[in-house]
Structures are given as structure tokens and as C-alpha cells.
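Before any comments, here is the structure.
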Amino acid sequence: MALRRFALALLLSFSSFVLPPLCHAQVLYEISKGGARHKSYVLATNRFVDMAFIDTIPNVFKCFGKCHKVVTEFAMQDYEALAALRKAALLPDSVKLSNFYSESEYELINNSLRINLGMGLEQLCRMKPSYLTEMYRTELMKQWMQYDEQRSMVGFFESVAAERNMPVVGLDNIGETMYMLFDREPFHWQCKELLKVIEYPENEVRQERTLREMYRFGRLADMAFQVEGPDNTTSVSFSDYKVYCARNEQWVKRLKPILAEGGAFITLDAVFLGGDKGLLQLLRAAGYRVRPVNRTLKIKN
């Protein structure tokens, strides 16, 4: 284990790079026509990008100022919803995590969690593998990508909306949110993915670094392919992408009355937006005009 951690540190030190100069990336889009009385806007976000990046997006605050509601993946302001999510992360009493691993695999997971999270399976064995995977990945990004949850751009505009008493609308209900977080993969596959993340953490970090670089240049279609492509062996891969695409189709239907009213500021993870099956293209296919707000700016890429 010590050798693997050293190898990971060595790999990441060589793969570390100074992020490219901030540019006017096309991550802010205007939605109009399609029966909309007023324009709405969609901002692509990336969890691992600092909120300071928002200041580099021309016209983003101007567009936000024209809106009277924020739309996001799910609204987490409801404390009852948060309690339901915590409950959904628990395994049924009849399921024991140890039954799905060999003794050596179980011990490897236990040691890795204890070293990186400060808790082993003695404390965490009642949690679903998908929850443990996300906890472990988050800690990896904190260690190797300087990820700071308090500084993430995700959730920034929801917070501003709350301060201004603007409504925040979630595209998913609590049941759908729980499914996406904890049950979108079959249980046996969740177990395999947890072990894979423990064994090959460098793949997870490399993937998120690549996606972050693409995001900063506004390469949303490339981000979609990076996730769905055949070379992706991380815990968020093609099977997850298929679930995202199916959900995008539902989101278009749910967005129709919101877009008809107009004045919505939509913030969603960039991975959901780009590509042929991304939300932006599906909105165009549904009859909306979707174009970059800052389309007249030259992008140096």
C-alpha cells in the first residue's frame, strides 16, 4: 500500500501542470424561442473549479440579474431531503459488505478508507459502496487537486438565490436524486467500482484533471466523449453516461414550462450538457435556440 501511494504521488507530481490562462470559455448559453416569452440561461459548471472562475465568464452576472429563479439538478436546501439522502446511503440490514469481497480485498478497502478518511469499515460497513466510492474520490481530489468544497463554483448561484429569496427549482425529485447517487448501478457493480477506485486512484484523479482542463476551455462536447469513450475505465464511465443521457430527455420535458415562462438561470454539471446526447443538443432538437452568450468573443484554445 505504501508503494502504491508513493507511485501515485510520483505520477501526479509529473502530471501536475499549471492550469492554462483563464480564457473566455463558452460555458454560458442563452435559450430562446420554442414558445419562451423571455430568455433563459444555462451555465455549465465543474465541481472541481474554484468559484473565482465565475468572475472570468463575461456577462454571467448580467444574465443572472435578468432571471427570477435558479434551476439546478436538485435543490438541497430541504433538511428533510438531506435526512432522506443519508438514510438512502445505508445498506439494508440483510446485506453485508464483507460477503462481496475476498478477505484480502476487504482488508485493502478497510485500510485505504482508514488512512484517507480516518474511518475504516468498522464504522462504514453499513454504507452503500457507491457512497464509499464518492467519499473516497472526494478525498482524492482534495489531496491531489486542491479541491475545496467551500470554494467550488457548484452551488454558488443557488446560495445567491437563497440570499435574495429567489426560488431554487430542482429538476430531480428526492427519489430520483437518491437513485442517481446510490442506485444507478447494480449493487455487485458498485462493489467492483469501489475496489477499482481503491486499487487505481490515479485513474480517477487523471480523469478529473482532464475534464477540468477541458471545462476551462469550454470544450463541453469533448468532456462528454471523455466520459462515454472506450478508454474511460474510471468509476464514472459509459454505463453512468447512458443513465445521464436518459435523464437529459426527462429534463427537457420538465424544462418546457420553466422555459415557457422564461427568466430561469440553469446551472448544471458540464458533463450533462455537451455532445450529441447532451442537454444543449436535446433542447435544440426540441425547437429552442441555444447559443453561447459570449459567441462574439474569440476563444484562444
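All values below come from the heavy atoms of this structure, side chains included, with hydrogens, waters and symmetry mates left out. In what follows, residues are counted from 1 in the order of the sequence shown.
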Is the closest basic N to carboxylate O distance between E228 and K277 below 4.0 Å? no

Report the relative orientation of the aromatic rings in Y244 and F272; use parallel for angles under 30°, tilted for 30 to 60°, perpendicular for over 60°. perpendicular

When rounded to the nearest 0.5 Å, the distance separating SG of C125 from CG of L113 is 11.0 Å

Considering residues, nucleotides and ligands other than K69, do more than 12 of their heavy atoms fall under 6.0 Å from its NZ? yes

Using distance alone, with no hydrogens and no angle criterion, decide if E185 and S239 have a side-chain donor and acceptor under 3.5 Å apart. yes

Quick one: do L194 and Y101 satisfy side chain to side chain contact (heavy atoms under 4.5 Å, CB included)? Show the steps, please. CA-CA 11 Å; L194 173 59; Y101 297 104; 3.6 Å; yes

Can you hop from L140 to M119 via hydrophobic side chains spaced under 4.5 Å? yes

With a 4.5 Å limit on heavy-atom distance, are the side chains of K66 and F265 in contact? no

Check the angle between the aromatic planes of Y131 and F182 and answer parallel, tilted or perpendicular using the 30° and 60° thresholds. tilted

Within the 4.5 Å heavy-atom criterion, are M141 and Q146 side-chain neighbours or not? no

If you count the non-hydrogen atoms of other residues, nucleotides and ligands that lie under 6.0 Å from CG in D55, is the total more than 12? yes

Would you give the length of the straight line joining atom CD of E208 to atom CD of E213, rounded to the nearest 0.5 angstrom? 13.5 Å

Interatomic spacing from NZ in K39 to CG in L259 - rounded to 0.5 Å: 14.0 Å

Rounded to the nearest 0.5 Å, what separation is found between the CD1 atom of I31 and the CZ atom of R291? 12.5 Å

Does atom CD of E103 have more than 12 heavy-atom neighbours from other groups under 6.0 Å away? no

Spacing of T234 atom OG1 and Q226 atom CD [to the nearest 0.5 Å]: 8.5 Å

Between R247 and R184, does the side chain to side chain contact (heavy atoms under 4.5 Å, CB included) criterion hold? Intermediate values first, please. CA-CA 11 Å; R247 184 174 60 165; R184 69 176 183 265; over 6 Å; no

Going hydrophobic residue to hydrophobic residue with side-chain gaps under 4.5 angstrom, can you get from L121 over to V95? yes

Transitive ILVMFWY side-chain link V70 to V160, under 4.5 Å: yes

Under a 4.0 Å threshold between the charged nitrogen and the carboxylate oxygen, would K142 count as salt-bridged to D148? no

Flag yes if more than 12 heavy atoms outside F156 fall under 6.0 Å of its CZ atom; otherwise flag no. yes

Geometric class of the F48/Y147 ring pair [parallel <30°, tilted 30-60°, perpendicular >60°]: perpendicular

SB check E202 K196 (cutoff 4.0 Å): no

Just do the side chain to side chain contact (heavy atoms under 4.5 Å, CB included) check on K96 and N99 with the steps written out, would you? CA-CA 6 Å; K96 293 187 180 297; N99 292 338; 3.6 Å; yes

Test side chain to side chain contact (heavy atoms under 4.5 Å, CB included) applied to E30 and V290, step by step: CA-CA 6 Å; E30 170 192 287; V290 182; over 6 Å; no

Hey, does T233 have a side-chain heavy atom less than 4.5 Å from the side chain of Q207? no

Do you reckon Y41 sits in the same ILVMFWY cluster as F61, going by side-chain contacts under 4.5 Å, direct or chained? yes

Pair S235, E193: side-chain N/O donor-acceptor within cut-off below 3.5 Å: no

For the hydrophobic clusters of this structure (ILVMFWY residues joined by side-chain heavy atoms under 4.5 Å, transitively), does one cluster hold both I258 and W251? yes

Side chains of S152 and R47: donor-acceptor distance under 3.5 Å anywhere? no

For a quick check under 3.5 Å, do S130 and E134 share a side-chain donor-acceptor pair by atom type? no

Pairwise distance OH(Y136) to CD1(I115) - rounded to 0.5 angstrom: 8.0 Å

How about E249 and L282: do any of their side-chain heavy atoms sit closer than 4.5 Å? yes

Could you walk me through whether N46 and D269 pass the side-chain hydrogen bond (donor to acceptor under 3.5 Å, both in side chains) test, one step at a time? CA-CA 6 Å; N46 182 282; D269 191 301; 5.6 Å; no

Pair Q143-N116, side-chain donor/acceptor within less than 3.5 Å: yes

